[in-house]
**Q** 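For reference, the structure I am asking about is given below.
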Amino acid sequence: MELVAGVDVGGTFTDVVVLAEHPRAVKVPTTPSDQGEGVVAGLDAGAGAHGDVTAMAHGTTTATNAVLERDIARTVLVTTAGFADLLVIGRQDRPSLYDLRVTRPTPLTQSVVTVDERMGPQGRPLVALTGEEVERVVDAVAALEPESVAVSLLFGYAGDAHERALADELARRLGVPVTRSSALLPEFREYERASTCVLNAAVAPVMRRYLEGLDRRLPDASITVMTSGGGTAGLDFVADAPVHTLLSGPAAGVVAAGAVARSGGFADALAFDMGGTSTDVCLIRDGVPEVATEAEIGGLPFRTPAVGIHTVGAGGGSVGWIDRGGALRVGPRSAGARPGPACYGLGGTEPTVTDAHCALGHLDPARQLGGGLVLDPGPAHRAIAGLPPEAGGAEGILTVARATMARALRRVSMERGVDPSTLVLIPYGGAGPLHASALAAELGCAAVVVPPAPGVLSALGLLLAPSRYEALRTVMRPAEGDLGDVWPALEREARDELGRQRPGAALSTQRVADCRYAGQSHELRLELDEGEEPASRFHAAHERAYGYAMRGEPVVLVTARVVAEAPPACEDLPAGWDQGSAGPERSRRVTIEGVEVEARVLDRAALGVGDRLAGPALVEQSDTTTLLAPSDEATVDERGNLVIRRTNRR
């Protein structure tokens with residue numbers, strides 16, 4: 001049987017799902033110095049031998065970590081004369097309006113070479129680029145000894161002749177990766193385009209080395225990589241355009257969360273992914289996660305299709321600490337995989353969220369975690385005892401961490417005019433189901449839906465995600481009338497590129513329009529039916545997003561896009577998860593919501609379709625633990641989801 005695997009690398013654990021006769025899930029510790037080692041170890045544990053895997057969909061934090069840790073290539077930006085300070089000036093907005101000490105993030109490069117040229121907004125040269133100028137620029141760049149080069153010229157999206165001439169000569173002379181903005185992002189807004197181009201150039205050598213090493217380790221497997229927009233792409237594409245992977249892992253989890261919501265009969269949901277290092281949340285409408293055209297990492301903007309994820313530094317490994325004002329804080333610093341929380345027994349001495357759960361009895365010290373880890377409550381208690389009494393101990397750590405996560409969930413729901421009472425919460429990640437009940441109660445969510453394998457849902461999402469490529473052009477023209485000339489070239493580009501990545505696969509395309517009212521500065525992303533006029537859909541979309549529409553005002557089509565997709569490795573959520581053998585029901589004294597109670601403890605394998613369970617209870621499985629408060633009642637639905645609702649009973 002062909003073995004297909006999804007492998008998601010997180011900050012603490014590497015999650016693996018293998019599709020065989022029955023889906024199998026494993027967690028192994030992440031290997032930060034070389035993520036590929038953890039990938040191979042996870043495949044060995046899940047598939048028996050990594051060499052038996054024929055196809056792998058991969059979610060990686062390689063590019064993300066490179067940016068956040070500034071472990072990047074020495075990069076030079078080549079831009080139009082007069083725009084050397086573009087990355088420093090940015091948009092002149094303040095990251096925190098009333099913070100007098102706030103500082104802007106430092107650009108990834110301060111090595112800039114300017115070019116005496118100018119392209120006009122219609123794509124026609126205003127100042128020609130001469131051969132002598134090309135030679136001068138290449139000599140100047142070479143003198144800086146770059147490891148990677150970004151070429152982003154003014155109006156390069158409208159006319160790419162100057163960028164092409166420079167990029168071709170730079171690549172020929174220097175022999176280093178060259179990122180050309182007109183190929184990576186043929187879209188207006190020069191600051192965001194330049195920032196995206198530099199981000200891509202800065203991580204390209206790092207990502208290429210990682211992918212080449214992974215390809216050597218798995219020579220017989222077809223490897224695809226998750227992109228930020230919720231689809232997968234081939235190794236060659238990702239090596240050239242790694243900026244598309246900056247939200248790789250979180251995007252996969254949201255894809256799977258949408259599938260879980262649909263499987264439970266819920267249209268709208270909040271995806272809640274709590275891992276070891278951070279928590280990612282996203283709004284899901286009509287079973288589909290929202291996709292944005294702009295995101296940021298470390299305060300640096302990039303314009304690639306990205307699932308609308310909001311991330312906060314609160315995870316199982318987040319460290320509790322006392323700030324200068326004497327208040328308890330949790331995160332964003334994490335204990336990571338090594339040494340990890342104190343209860344891991346690997347040398348950690350600082351109190352973390354996982355230590356708080358261990359101290360309160362939520363985690364069974366007799367159970368093994370991923371990679372054979374066994375919890376030790378003693379170091380957890382000692383680490384928490386190091387905090388001052390007024391911090392509230394383990395309960396205080398959980399309260400602060402949950403407050404951070406609740407703010408993130410409100411940001412993608414209430415702050416956007418969406419009532420959480422109309423949403424269900426989909427918790428996943430190793431720590432998500434431990435916090436879901438409390439967060440759903442605080443926000444007033446309709447229910448909590450815990451999937452059969454929540455601890456590895458992001459890895460499953462990699463297998464549910466289609467292959468995807470998005471072709472785009474800024475066009476700036478009225479959205480009414482005949483737009484037939486806009487789409488054919490984009491459709492050819494999208495089909496040709498995805499066909500190269502997935503030869504022989506059945507392809508589908510979707511037209512997407514970024515539109516705005518004339519005079520507005522931000523657009524709405526609209527999916528169009530064949531032959532549909534963007535203006536007609538825009539008014540309704542604007543009313544839904546902002547509460548009003550101006551139907552008499554002209555609508556502008558800013559950027560046209562065509563999204564091509566090929567089928568995923570797994571068309572639907574797999575059934576028949578191997579939950580292991582069910583042990584006898586037991587009980588344990590635990591503290592929930594500040595009250596010590598006797599909680600039922602069951603294995604997930606003991607629960608079948610239609611079973612009901614009242615809290616207080618703990619449902620344990622190999623990849624996570626689900627915590628039910630005294631007022632919770634849970635039912636196992638037909639797809640094996642654990643659906644939790646809060647009652648008036650306590």
Side-chain angles (χ1 to χ4, degrees), residues 91 119-124 152 154-160 181-194 196 228-231 244 285 288 290-295 301-308 468-498 508-565:
R91 288 289 172 194
M119 190 69 69
Q122 305 306 320
R124 292 186 292 272
S152 184
L154 189 65
F155 295 114
Y157 69 89
D160 65 358
S181 78
S182 52
L184 180 70
L185 184 66
E187 189 176 0
F188 85 133
R189 292 195 174 100
E190 67 278 7
Y191 168 55
E192 288 79 6
R193 181 162 48 88
T196 305
S228 305
H244 286 280
R285 305 298 297 270
V288 179
E290 296 192 337
V291 176
T293 55
E294 183 175 351
F302 61 97
R303 286 187 69 85
T304 65
V307 173
R468 177 177 292 170
Y469 176 78
E470 182 168 308
L472 66 133
R473 293 288 185 278
T474 291
V475 294
M476 286 292 186
R477 55 188 288 181
E480 299 91 347
D482 184 17
L483 296 169
D485 61 323
V486 170
W487 308 108
L490 293 175
E491 288 178 346
R492 284 194 300 272
E493 178 188 338
R495 284 184 173 275
D496 288 349
E497 174 57 37
L498 195 58
S508 62
T509 58
Q510 170 71 58
R511 293 178 178 180
V512 179
D514 293 357
C515 294
R516 68 188 186 192
Y517 287 120
Q520 284 185 322
S521 59
H522 292 86
E523 302 81 47
L524 286 177
R525 181 182 172 103
L526 311 173
E527 292 189 356
L528 305 177
D529 295 330
E530 186 76 24
E532 184 180 17
E533 189 177 81
S536 60
R537 178 161 294 196
F538 176 75
H539 296 296
H542 195 278
E543 187 167 20
R544 181 181 183 185
Y546 301 111
Y548 72 98
M550 300 185 293
R551 300 185 187 278
E553 293 295 319
V555 179
V556 178
L557 171 59
V558 177
T559 300
R561 307 171 187 269
V562 171
V563 180
E565 289 190 351

**Q** Answer yes or no: is there a side-chain heavy-atom contact under 4.5 Å between Glu192 and Glu294?
**A**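 Yes; the side chains approach each other to less than 4.5 Å.
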
**Q** Do you know which two heavy atoms are closest between Ala513 and Leu557, and how far apart they sit?
**A**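 Looking at all heavy atoms of both residues, the shortest contact is CB-CD1, 3.5 Å.
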
**Q** Has Arg551 got more than 12 heavy atoms of other residues, nucleotides or ligands less than 6.0 Å from its CZ?
**A**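 Yes, CZ of Arg551 has more than 12 neighbouring heavy atoms, counting only those of other groups under 6.0 Å.
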
**Q** Mind listing the closest non-hydrogen atom pair of Ala158 and Pro121 along with its distance?
**A** CB-O, 3.5 Å

**Q** Do Phe188 and Met476 have side chains that get closer than 4.5 Å, going by heavy atoms?
**A** yes

**Q** Atom OG of Ser181 and atom CD of Glu187: how far apart are they, to the nearest 0.5 Å?
**A**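 Ser181 OG to Glu187 CD: 11.0 Å, rounded to 0.5 Å.
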
**Q** Strictly by ring-ring contact (aromatic ring centres under 6.0 Å, His included), give each pair with a member in residues 509-528 just once, sequence neighbours left out.
**A**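 Qualifying pairs, neighbours excluded: Tyr517-Phe538, Tyr517-His539, Tyr517-His542.
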
**Q** Name all residues meeting the side-chain contact (heavy atoms from CB on, under 4.5 Å) criterion together with Glu565; count only those two or more places apart in sequence or in a different chain, and write none if there are none.
**A**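 In terms of side-chain contact (heavy atoms from CB on, under 4.5 Å), with neighbours along the sequence ignored, Glu565 is linked to Pro466, Arg468, Ser508, Val563.
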
**Q** Taking the side chain as every heavy atom from C-beta outward, state whether Glu523 and Thr293 have any atom pair closer than 4.5 Å.
**A**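 In short, these two side chains do not touch, never coming nearer than 4.5 Å.
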
**Q** If you apply the rule side-chain contact (heavy atoms from CB on, under 4.5 Å), what do you find for Tyr191 with Arg193, and how did you get there?
**A** CA-CA 5 Å; Tyr191 168 55; Arg193 181 162 48 88; over 6 Å; no

**Q** Could you tell me which non-hydrogen atom of Arg561 sits nearest to which non-hydrogen atom of Leu490, and how far apart they are?
**A** N-CD1, 4.1 Å

**Q** If you define the side chain from C-beta out and look only at heavy atoms, does anything of Pro534 sit under 4.5 Å from Leu528?
**A**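 Heavy-atom side-chain distance check passes, below 4.5 Å.
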
**Q** So, does Arg516 use its side chain to make a donor-acceptor pair with the main chain of Leu524 at under 3.5 Å?
**A**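 Not a single qualifying donor-acceptor pair exists.
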
**Q** Kindly indicate whether the side chain of Leu472, heavy atoms from C-beta on, has any atom under 4.5 Å from the side chain of Leu185.
**A** yes

**Q** When you measure from the side chain of Ser228 to the backbone N and O of His244, does any donor-acceptor pair fall under 3.5 Å?
**A**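 Pair found, side chain donor or acceptor close to backbone of His244.
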
**Q** Nearest 0.5 angstrom please: Asp496 CG to Tyr469 OH, how far?
**A**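 Interatomic distance, Asp496 CG to Tyr469 OH, rounded to 0.5 Å: 10.0 Å.
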
**Q** Apply side-chain contact (heavy atoms from CB on, under 4.5 Å) to residues Val486 and Arg477 and explain how you reach the verdict.
**A** CA-CA 10 Å; Val486 170; Arg477 55 188 288 181; 3.4 Å; yes

**Q** Who are the ring pair (Phe, Tyr, Trp, His ring centres under 6.0 Å) partners of Tyr157, not counting sequence neighbours?
**A** none

**Q** Using side-chain heavy atoms (C-beta onward) and a distance below 4.5 Å, is Arg303 in contact with Arg189?
**A**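 Yes, at least one pair of side-chain atoms sits under 4.5 Å.
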
**Q** Sequence neighbours excluded, which residues qualify as salt bridge (charged side-chain N to carboxylate O under 4.0 Å, His left out) partners of Arg525?
**A**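 Counting only residues at least two positions away or on another chain, Arg525 forms a salt bridge (charged side-chain N to carboxylate O under 4.0 Å, His left out) with Glu470.
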
**Q** Could you report the tightest heavy-atom contact between Ser182 and Pro186, atom names first, then the distance?
**A** O-CB, 3.5 Å

**Q** List the steps, then state whether side-chain contact (heavy atoms from CB on, under 4.5 Å) holds for Arg285 with Arg544.
**A** CA-CA 12 Å; Arg285 305 298 297 270; Arg544 181 181 183 185; 3.1 Å; yes

**Q** Go through the structure and list residues passing salt bridge (charged side-chain N to carboxylate O under 4.0 Å, His left out) with Arg511, not counting sequence neighbours.
**A** Glu491, Glu530

**Q** Stepwise, does the salt bridge (Lys or Arg N to Asp or Glu O under 4.0 Å) test hold for Arg473 with Glu493?
**A** CA-CA 11 Å; Arg473 293 288 185 278; Glu493 178 188 338; 3.2 Å; yes

**Q** What heavy-atom pair brings Ser152 and Ala194 nearest, and what distance separates the two atoms?
**A**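 Heavy atoms of Ser152 and Ala194 come nearest at OG-CA, 3.5 Å.
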
**Q** One pair to check against salt bridge (Lys or Arg N to Asp or Glu O under 4.0 Å): Arg492 and Glu497. What are the steps and the verdict?
**A** CA-CA 8 Å; Arg492 284 194 300 272; Glu497 174 57 37; over 6 Å; no

**Q** For residues Leu184 and Thr196, determine if any side-chain heavy atom of one lies less than 4.5 Å from a side-chain heavy atom of the other.
**A** yes

**Q** Which heavy atom of Val307 sits nearest a heavy atom of Gly230, and at what distance?
**A** CG2-N, 3.9 Å

**Q** Under the salt bridge (charged side-chain N to carboxylate O under 4.0 Å, His left out) rule, collect the residues that match up with Arg537, sequence neighbours excluded.
**A** Asp529, Glu532

